[in-house]
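One structure below.
Whatever order the structure lists ligands and atoms in, that order sets their numbers, starting from 1.
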Amino acid sequence: TAQRETHGFQTEVGKLLHLVTHSLYSNKEIFLRELVSNAADAADKLRFKALSDNSLYENNGELRVRITADKDAGTLTISDNGIGMTRDQVIEHLGTIAKSGTSEFFNQLSGDESKDSQLIGQFGVGFYSAFIVADRVTVRSRAAGFGAEAGVQWESAGEGDFTVEDVEKSDRGTDIILHVRDEEKEFLDDWRLRQIVNKYSDHISIAVEMWKEEVPERDGPDGEKVAAEPATWEKVNTAKALWTREKSELSDDEYGEFYRHISHDFEAPLTWSHNRVEGTHDYTSLLYIPKRAPFDMWNREAKHGLKLYVQRVFIMDDAEQFMPTYLRFVKGVLDSNDLPLNVSRELLQDNRVTDAMRKACTKRVLQMLEKLAKKDADKYQEFWKEFGNALKEGPAEDAANKEKIAGLLRFASTETDTTDQTVALADYIERMKEGQDKIYYVVADSFNAAKSSPHLEVFRKKGVEVLLMSERVDEWLISHLNEFDGKQLVSVTRGALDLGELEDDADKEAQKALEESSESLVERIKTALGENVKDVRVTHRLTSSPACIVVDEHDMSSQMVKMMKAAGQ
Ligand code: ADP
Ligand code: MG
């Protein structure tokens, strides 16, 4: 009846395991962080489910994770009394990777281990990191709400396959048993384990316990007797939800470790903002900007959003209602005292509390970015490289914050003439020529096409800066961003070029004379091109090219026409 079955890992898991076991990590100890993190997630999930069914606690609501090393057996066990897993869940969760875009991700891997290790860090290895230090892993689990006979045992040597069989397990929850490799025996050392837990798992909101041996009666410093301490389970972390603690008592490292726990990212965050809000609404937010874009940022189905808690109780991951799409890279926690504990995704939709928090969180993020840009331009540039294209969706999505977002945008321009997008609209305005009242830009298919556009000739001649745009999203951005700081944004390829005050009288006269002397030529070209063009005009835009195509003031730009064509319209 034990029903022992062998299953093959999903192809991607196989590849991941190969990377893990071929010493991807110089930082082996992180396996413990991953396993403790999973245990804490399992506790969160049980607490949430128990809100509507208290019997799931089975009279034991004291949630904790215990770490036990057995030097003789060479095993390290991480044991939790969280939600547990059924047989089907074990097969699914410990045999496949559920993230969307996983196979595309693996196709990107180059085979060069050092490059791939960076990529894999962003992807996160989670449970599979157990194989960094173990040559065999046994998982025993029993889901909350089932009897002891519903236990299941999973086992694998981390190669092609794993086995599952039914077992008796009276305690609810999951034991992860690592058969530690001979050369990794340091991870069975009590002191070493405590050190790792302190370093990585202090902020975990459930107790992480380790067995403490009895301390016999002994002599105190003043000759008095100090009583014996009995052997006991000892809590080795703070076990207090990090966001409930005072900012002043939290170190950057602690914020960093908490970020890794909630984001499944292996890198430190770029920056964060931690706020307690009281008044009409009562909540705490802790919002992080990652260093690197997640591998699936451009995948439409990819999950994003904040981790939602209500009165310290975990409610859901990826609550996307609290962040606009253009800020989908933001990670963090929101803990509300106003929402009901039984709040669902549906309830979050069209909810006044949700709307207020979303507005406030959006503002926080924009402020955090403004601050970063002001304080540390290099770091801001790092941010821009990773997330600039997402932020460019902002003006279209979030009209209320258009001006703020526009202030955060960075562009390439004729001033710098490099592909680096470093020019802020405010920088541009500062450099505007005497008499210039508009912000000029050009959009093209590539940076080089933008940079060498014949439309720029007159601007270069007059020393007027032009923003060079060539990202796919730029056309979309610019169609929703008409002005900044009271200055209109104008395409250099559009309509009759009006350089306003920038033109002097001599320019205008020369222009007029040229128009008159060219009348018959213009007529001949018009006849020759016929229906293909709307109009033919003499221009002073060009200094070295003989002719160029312009788009009429209110017509679609040539970029937009191309995009529509590509979309089959
Ligand atoms: P992630 O934590 O990012 O989801 P992991 O690889 O760490 O990815 O874990 C995969 C899945 O396995 C988890 O999402 C969870 O469903 C399940 N799991 C892992 N460890 C436990 C545990 N201790 N208790 C219950 N479920 C677990
Ligand atoms: Mg995990």
Atom 13 (C) of ligand 1 protein-contacted (non-hydrogen atom, under 4.0 angstrom) =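 Given the 4.0 Å limit, the answer for atom 13 (C) of ligand 1 is no, no protein heavy atom qualifies.
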ask   = Side chain, backbone, both or neither: which part of L94 comes within less than 4.0 Å of ligand 1 when only heavy atoms are counted?
value =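 Side chain only.
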task = Of the side chain and backbone of M85, name the one, both, or neither that has a heavy atom under 4.0 Å from an atom of ligand 1.
result =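 Side chain only.
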request  = Could you tell me whether some N/O pair between D80 and ligand 1 is separated by less than 3.5 angstrom?
outcome  =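 Between D80 and ligand 1 (N or O atoms, distance only) the closest approach is under 3.5 Å.
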ask   = Can you find an N/O atom of F127 closer than 3.5 Å to an N/O atom of ligand 1?
value =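 Right, the criterion is met.
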Just wondering, do [Y] and [X] contact through their side chains at under 4.5 Å, heavy atoms?
{"X": "P324", "Y": "R358", "answer": "yes"}
{"X": "R410", "Y": "Y380", "answer": "yes"}
{"X": "D166", "Y": "E149", "answer": "no"}

N, O or S from N38 under 2.8 Å to the Mg ion (ligand 2) =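 Short answer: yes, at least one N, O or S atom is under the cut-off.
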key: T238/D202 under side-chain hydrogen bond (donor to acceptor under 3.5 Å, both in side chains): CA gap, chis, key distance, verdict   = CA-CA 5 Å; T238 307; D202 191 53; 2.7 Å; yes
query = With respect to V208, which candidate in I67, L193, L32 satisfies the side chain to side chain contact (heavy atoms under 4.5 Å, CB included) definition?
reply =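 Answer to the side chain to side chain contact (heavy atoms under 4.5 Å, CB included) test with V208 among I67, L193, L32: I67.
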Could you find the nearest protein heavy atom to [atom] and give me its residue, atom name and distance?
{"atom": "atom 11 (C) of ligand 1", "answer": "H93 CB, 3.7 Å"}
{"atom": "atom 15 (C) of ligand 1", "answer": "K45 NZ, 4.0 Å"}
{"atom": "atom 1 (P) of ligand 1", "answer": "H264 CE1, 3.8 Å"}
{"atom": "atom 9 (O) of ligand 1", "answer": "N38 ND2, 3.7 Å"}
{"atom": "atom 25 (C) of ligand 1", "answer": "A42 CB, 3.8 Å"}

query = Thinking salt bridges, do E58 and R142 make one under a 4.0 Å N-O criterion?
reply =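 Yes, E58 and R142 are salt-bridged.
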key: Polar side chain donor-acceptor pair, E471 to Q421, under 3.5 angstrom   =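 Yes, side-chain donor-acceptor contact under 3.5 Å.
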request  = Taking atom types as modelled, find out whether N275 and S273 have a side-chain donor-acceptor pair closer than 3.5 angstrom.
outcome  =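 Yes, side-chain donor-acceptor contact under 3.5 Å.
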